[in-house]
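These notes are about the structure you will find just below.
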Amino acid sequence: MYELLKNLGSWLTSGAQWTGGDGIGHRLAEHLQYSLLATLIAAAIGLPLGLLIGHTGKGAFLAINLASFGRALPTVGLVVLVFLAGGLSMLPVYVALVALAVPSIVTNTYAGMTAVDPDVKDAARGQGMRGHQVLLQVELPLALPLIMTGLRLALIQVVATATIAAYVSFGGLGRYVFDGLAQRDLVQVMGGAVLVAAVAVALDLVLAGLQRFLFRHRTA
């Protein structure tokens with residue numbers, strides 16, 4: 001075990017391991033690109049949907065159940081299915097990652113909207129605010145902490161799952177895991193897993209710190 005950890009440390013700290021097209025720096029950039037783009041697409045889908053059903057109260061049952069269904073989909077199975085239908089491209093990976101991220105965004109956005117005090121909304125309407133003004137100026141600002149929590153959870157889930165890009169011969173940190181398994185190189189497999197975990201933890205800490213900073217006045 002000691003020898004394995006020693007080899008893992010050497011693998012992670014080797015200068016040669018961080019350079020070139022197969023280096024950690026390049027694979028990390030690919031992984032972040034996949035993760036951030038998929039999360040942005042999921043946010044473009046999930047945020048309007050969560051805001052709409054939270055504001056109107058209509059379609060909540062259908063939207064939440066569809067979101068739960070998306071969460072239950074087997075990611076690798078979805079990648080294979082879209083791969084067979086659409087051919088070799090990044091499309092299957094993005095479809096799977098977006099499907100994974102949307103449920104957290106929808107449910108947390110909806111929860112944040114429904115947590116807004118009805119009396120506050122009634123007071124805003126009593127002051128002459130229209131529906132969209134109540135949504136944008138009252139409900140959305142009050143729901144933001146839970147909305148950001150949903151985005152944070154979605155991004156971390158996507159980062160942890162973006163290794164599937166290597167499953168269909170693309171890049172990212174999952175390349176080390178799949179290549180290591182194919183070559184029976186345990187050090188490379190562990191290195192890839194450690195890097196993915198480190199990126200997920202680092203992003204979670206950054207986003208948690210940003211969330212505390214933005215909403216510090218609400219808990220003061």
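Since the structure is predicted, the reported quantities are computational estimates derived from the model, not experimental observations.
- Closest of all the heavy-atom pairs between Trp11 and Gln17 is O-CG, 3.2 Å.
- In this structure, the side chains of Asn7 and Leu186 stay at 4.5 Å or more apart for every pair of heavy atoms.
- Residues Glu30 and Phe170 are not in side-chain contact: their nearest non-hydrogen atoms beyond the backbone lie 4.5 Å or more apart.
- Placement of Val199 and Trp18 within a single hydrophobic cluster is found when ILVMFWY residues are connected by side-chain heavy-atom separations under 4.5 Å, directly or transitively.
- Using a 4.5 Å cut-off on side-chain heavy atoms (C-beta onward), Arg125 and Val134 make contact.
- Taking CD1 of Ile24 as the start and CG of Leu12 as the end, the distance is 5.5 Å to the nearest 0.5 Å.
- Distance check: Leu32 CG to Leu37 CG gives 12.0 Å after rounding to the nearest 0.5 Å.
- Leu97 is not connected to Leu153 by any chain of hydrophobic side-chain contacts under 4.5 Å among Ile, Leu, Val, Met, Phe, Trp and Tyr, and they are in different clusters.
- Cluster membership check: Ile45 does not share its hydrophobic cluster with Leu52, using side-chain heavy-atom separations under 4.5 Å among Ile, Leu, Val, Met, Phe, Trp and Tyr.
- A 4.5 Å side-chain heavy-atom check between His31 and Leu195 finds every atom pair outside the cut-off.
- The shortest side-chain heavy-atom distance between Tyr176 and Val196 does not fall under the 4.5 Å cut-off.
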### Message
salt bridge (Lys or Arg N to Asp or Glu O under 4.0 Å), that's the test. Do Glu3 and Lys6 meet it? Break it down for me.
### Response
CA-CA 5 Å; Glu3 190 66 26; Lys6 180 181 177 182; 5.0 Å; no
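- At a threshold of 4.5 Å between non-hydrogen side-chain atoms, the residues Leu155 and Leu151 do not count as touching.
- Heavy-atom minimum distance, Ile105 versus Leu47: CG2-N, 3.7 Å.
- Linking ILVMFWY residues whenever their side-chain heavy atoms come closer than 4.5 Å, directly or via other members, leaves Leu210 and Leu205 in distinct clusters.
- By the 4.5 Å heavy-atom criterion applied to side chains, Ile41 and Val102 are not counted as neighbours.
- Here Leu136 pairs with Leu140 under the side chain to side chain contact (heavy atoms under 4.5 Å, CB included) rule; sequence neighbours left out.
- Thr161 OG1 to Ile156 CD1: the interatomic distance, rounded to the nearest 0.5 Å, is 10.5 Å.
- Across all non-hydrogen atoms, the minimal contact from Ala42 to Ala101 is CB-CB, 3.5 Å.
- The side chain to side chain donor-acceptor pair (under 3.5 Å) pairs that include a residue from residues 137-153 are His55-Glu139, Thr149-Gln211, Arg152-Asp204, where partners are two or more places apart or lie in different chains.
- The OG1 atom of Thr19 sits 12.0 Å away from atom NE2 of His26, with the distance rounded to the nearest 0.5 Å.
- Here the options are Thr56, Asn108, Ile53, Leu135, the test is side-chain contact (heavy atoms from CB on, under 4.5 Å), and the partner is Met113; only Leu135 passes.
- At a threshold of 4.5 Å between side-chain heavy atoms, the hydrophobic network of Ile, Leu, Val, Met, Phe, Trp and Tyr places Val98 and Tyr34 in one connected group.
- Taking the side chain as every heavy atom from C-beta outward, Leu51 and Ile147 approach each other to under 4.5 Å.
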